[in-house]
Each structure stands twice: as C-alpha cells, then as structure tokens.
Amino acid sequence: MPRKVSYGVDYDEDYYDYEDYDVDHDLDVEENGKLPQSKKETINCGIWRCSVCTYDNDESLSACDICGVLRNASINSGTNSDKKTVEGMCKGSGASKMAKSLFASFPQRMSKKAVSFQKLNDAYVKEESNNSHTHMNMQGQFLEFHKAFITHSNRRVNIAPFKFDVPSPDDVVSDGLRSSKMGSKANSTDLKTSRVPSSINEKNGVLSKSSTERSDISSSLTSKGRHFSRDERNRLENDTGNTLSSDKSSVCSPSMNLKGRHDKLDESSSSSMSGGNSQSLTNSLNKRALNVGSGLSKNVNTRVTRSNAEYKPEKWMLPDQAEDTLTQLNLAIVGHVDSGKSTLSGRLLHLLGRISQKEMHKYEKEAKLQGKGSFAYAWALDESTEERERGITMTVAVAYFDSKKYHVVLLDSPGHKDFVPNMISGAAQADAAILVIDASVGSFEASMDGAKGQTREHAQLIRSFGVDQIIVAVNKMDAVDYSKERFDFIKQQLGTFLRSCNFRDSSISWIPLSAMENQNLVAVPSDVFLLSCMLKLHMIAWPSYRRFYNRQH
Ligand SMILES: Nc1nc2c(ncn2[C@@H]2O[C@H](COP(=O)(O)OP(=O)(O)OP(=O)(O)O)[C@@H](O)[C@H]2O)c(=O)[nH]1
C-alpha cells in the first residue's frame, strides 16, 4: 500500500482509527458538541489528513484520495467556527458524517431560503393585542390585512354585465318569428319598438301615480328588462310619467295597445293594488286600448270580409251553371213485357238523330229477314242474338241523347219477370223513369195483374229506389184508335195505384202516344186527340234533382 510506505503509518494504527466510525461514539461527540482531535483534519507539511478516513492526502488534492471526501475549506481558511463546519451546521440533524462532509463541501450553497424562511415566518401577521395585528412594519386589523393580501379579489370572472341595448338571444328568435309572420322587416321593427308603449299601457292600468310606484315600474322593468333597451326604458319612464299626469297624452299604435291588452289580463289578475283605484285605471286603459285597437280590428274584419267576398266559385264548380256541360239524367224505361219499351226507345233515338237512317234501314232489313219486322226499332237496343230471336230484352240496354238541359242516359230495362233482377240494376241508377203502358185492350189489364203483371211491380221498385218523377207513356194508342176514354180509363186505374206507391200527381206526366206510328213523340201528331194533349215526350223537362240533392246532403 503506498500510504504505508510513504507516510509510515502502521496498518494497525489505521485500524484503530477506523474504529472511530462507531456510531455511538459519533453521537457522543455530537452530543458534546466537540469533535475529537483525532477526527479533525490535520495538516502537515504538504499533507492534509482526511477527517473521515484519516488518510493523509497530498496538499494538492482537494478531496480525499481514499474516501473521496472533499477537503474542508474551513481548514484551509484556518477558522473552526461550528457554524461553518459540517458538524456545526448540521448539528443535531441526525445525518451521517458522510452526508455532513458532503454538505460541508458546499458551504456557500446552503439554502438561503431556509434562513430567509425563518425570517419570513417571523414576518407573518401576528396578533399583538386587541385585534391588532402586525406584519413586518405594518400594523392594523386582521380584516384589513385580509383585504390587502387576499388573492380571490383578483380572481374575477370576466362576465360582461347585462346591457339593455343589446338584444338577448330570446329577443332575436322572437323578432325573427314575428318578422316571418308579418312578412316584412319594417313590420318586425315596428313590433319590436311597440313593446315599450304596450308595456306602458299595461303598467298604467295597474300602477298608481306616486313616484314610489314609478320606481316599481323601473324595478319591474329591470326584472323584465331583457326585452327593453336603455332608450326604451327611459322612454317608458318618461311616457309613464306623462300618462300618469294625463291619460290623453299617451300616443300608442294599435299594435301596441293590442299587445298591451293581452298582457294586461295577466297583470290585472296578479295585481295587488287596491280594488277601486286599480279598477278605474284598468277600465280607462281598456277603453283607450279598445278605441285605438279598434282600428286594427276593423282592418282585420275588413280583411276577412274582403277575402270572403272576393271568393267566387268558378262556373264549372256549380253543376247547374256549367256552360258546356249538361247534367246527366239517368232515365229508366220500365213496364210490362212487350209494352213497347224498346220500340219507344229506338224511335226516340232515331227521331233525335242518335240512330242514323242507314242504321235504321239495316235494322228493318234484318228484322224483316227474321220475320220480325215490327221489332226493327227494338233491335237498335236489343243487340244480342238471343234477345232478337226471343224478341225480348234480357239485359239493360244503354243509350244516350241530349235535351236542352240534360244529358239523358236511357236505361232500357227488361220487362219479363224472369229478368227482374236486371231491371233492378237499371232502376237503381235511375233519376227518373218512363213507365210504358200497353194501351191495347187486355194488355193493360194483364200488366196490372198482381200475379203476372209487371206494371205494379216495376212501379213499386222504381219508387222504392227513390224515383219520384215518373212519365206514364200510354203506348200503342193506335191499337185503340187513340181513344180518349181508353186513355182516361188507364189514367184513372193506374193513377190510383201510383198514388198508393207515394207518387204525387204533380210528379206524374201522362202522355198518350204510339211508338210504332210515331205519334206524339217529337213531331206534331196528326190525331186530334193527341194534338190536344200538347205534350211531347222530348219536350218534357226531366225534373229530377233528387240524386244531386241527396248526394249533397
Ligand atoms: N201496334 C203497336 N205495336 C207496338 C207499338 N210499340 C211497340 N209495338 C210492338 O210491341 C211488340 C213489343 O215491342 P218491344 O219494343 O219489344 O216491347 P218491349 O217492352 O221492349 O219488350 P221486352 O223488352 O221484352 O219487355 C213489338 O212487336 C212491337 O212492334 C206501338 O206503338 N203500336
């Protein structure tokens, strides 16, 4: 070992020196406040002994070559003050000597804050006496110190104070809705500015004349002030003063008063004012608001009236005023079998031009070929082979012709009892009916027979379907020589039955005619009796509004 050779230090001696690291011994030393001399760093010529491991280091070394402990600068300075040595500064700290030596190497780095903390701690606010406190060189009450040093006072949330002249989001939305409803920007502006006078009216109605109550107005305005600008508020107060002095000085727009009336209801319901005075003011306000508001209500009424008056339905909407359209009239042709229904229908269609002469010649030719020449007009409607072969109508034939007022739909119904259901299908669509009677002797009586005849049954069915307008066509008058007595007999017999079916006499038209000989249909009849009737079948105004009336009601 170089140190033993160089410095002649016996190993055993050093060993004993190392025994000084005993903790108890160290504590004893610290407790006495004195360091043993052996532990002190000794300086010989060109050699300084480490205070920790007692190794003799060269003078040029700043730290111990063995343990690395830095050389105590205080030794170099020649001072032994406890405050500047490791042991002195860390006395009673409980730190080991190694740590103490480490801290001792940086005496200049000792925490100044620790020292100043003690000073600062001493400078804290101390209560002296009688609620008097001191801080450094200042003295006062604790509350004053609190206000002076509190940091919360500076923590203010930067919230912009409410401004009356800035519309709130609710105002923006409500104004937008108003403007959209009113349809113009100017109107929305008027409505916006009308709030103040309206609120003036409502306030005038419930508030008294005292200045104290005016302050109530201001306070209430403040509570509701989100809807009023500052200028409006000033105007409100000024107007309130004016109206309190004189009710007539109030100048309000109708819309203002209109709104004021609505608000006033709520105000009056919640008013805590005394009954008499408040009631009188409210009444005066109501009168004033109604007087001014009557202008608006009049405009509204005029507007509604004008809109109703301006509305006029088009002509095509009215069924009776249509220019180019005719009212459809379903005309059912009913009666006993072989009474001449198809012949009458074919003759009418031919006379009215619905069947051309060429077609009529065709029917006549075909009917003659089959030996049924008298059915020529009936074949115009009985188109099926079976109907033509059997000479009877089996289904409802449909044909059209136009009169002056109606688009007539002819429903040629079968008269045979086997086809009563088909007859019903046609009668159910009828607005009016032609009951064809065979005037020939025996045929009329047979048709009126309850068991076999179809005249009664058809008349009852027609009436049961609601048809009250009926034409009794007494056909085949040529077969009875146009006998007026026969016609009167039939009229008397059948008339009694029709009245029993709730047909009114005024709703029954009696026409003697001959479909086969074209008498009393369209052309002027040659017979004197038929001429005296002065009633042509095509001249009949088919008086049936029943279906339209029933559909509309
Ligand atoms: N003498 C005469 N015969 C007529 C007249 N009208 C029709 N007839 C005849 O009566 C017969 C029956 O005629 P239709 O027209 O088929 O009688 P209908 O009522 O249509 O018969 P169905 O439909 O089967 O009930 C035919 O032979 C016709 O020529 C008329 O005015 N005078």
Side-chain angles (χ1 to χ4, degrees), residues 1-127 133-138 145 148-151 154-155:
M1 299 271 310
R3 61 173 182 167
K4 287 187 177 180
V5 174
S6 300
Y7 300 104
V9 178
D10 187 60
Y11 178 75
D12 295 348
E13 293 178 359
D14 292 341
Y15 176 76
Y16 290 110
D17 291 339
Y18 278 108
E19 290 180 355
D20 293 338
Y21 283 102
D22 187 19
V23 176
D24 295 337
H25 180 72
D26 290 340
L27 290 175
D28 294 339
V29 171
E30 290 178 3
E31 288 175 357
N32 295 331
K34 296 179 181 178
L35 289 174
Q37 191 62 32
S38 61
K39 299 298 179 184
K40 289 183 179 179
E41 179 180 320
T42 58
I43 302 174
N44 298 324
C45 295
I47 297 172
W48 63 275
R49 177 167 290 178
C50 179
S51 60
V52 175
C53 63
T54 67
Y55 180 75
D56 294 333
N57 296 284
D58 190 74
E59 181 67 24
S60 61
L61 297 175
S62 59
C64 179
D65 195 16
I66 299 301
C67 64
V69 173
L70 296 176
R71 185 181 181 185
N72 193 348
S74 62
I75 297 176
N76 295 334
S77 61
T79 59
N80 293 326
S81 175
D82 290 343
K83 294 182 179 179
K84 295 182 179 180
T85 61
V86 175
E87 292 80 4
M89 290 184 293
C90 301
K91 186 182 296 182
S93 62
S96 64
K97 286 187 177 180
M98 178 69 77
K100 292 175 182 177
S101 63
L102 290 174
F103 280 107
S105 61
F106 303 101
Q108 69 279 6
R109 294 185 181 180
M110 292 188 68
S111 176
K112 294 180 180 179
K113 288 185 177 180
V115 177
S116 62
F117 175 78
Q118 184 65 25
K119 292 180 180 179
L120 183 61
N121 193 20
D122 295 339
Y124 274 169
V125 178
K126 295 181 179 179
E127 182 177 4
H133 295 73
T134 59
H135 173 70
M136 298 181 69
N137 58 351
M138 295 182 295
F145 283 106
F149 292 99
I150 190 170
T151 57
N154 297 326
R155 295 178 183 176

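Side-chain atoms of Trp48 come within 3.5 Å of backbone N or O of Leu61 as a donor-acceptor pair. At distances below 3.5 Å, at least one donor-acceptor pair connects side-chain atoms of Asn57 with backbone N or O atoms of Asp65.
Rounding to the nearest 0.5 Å places CG of Asp56 at 10.0 Å from CD1 of Ile66. Distance CG/Asp58 to CD1/Ile47: 7.0 Å, rounded to 0.5 Å.
No side-chain heavy atom of Val69 sits less than 4.5 Å from a side-chain heavy atom of Cys53.
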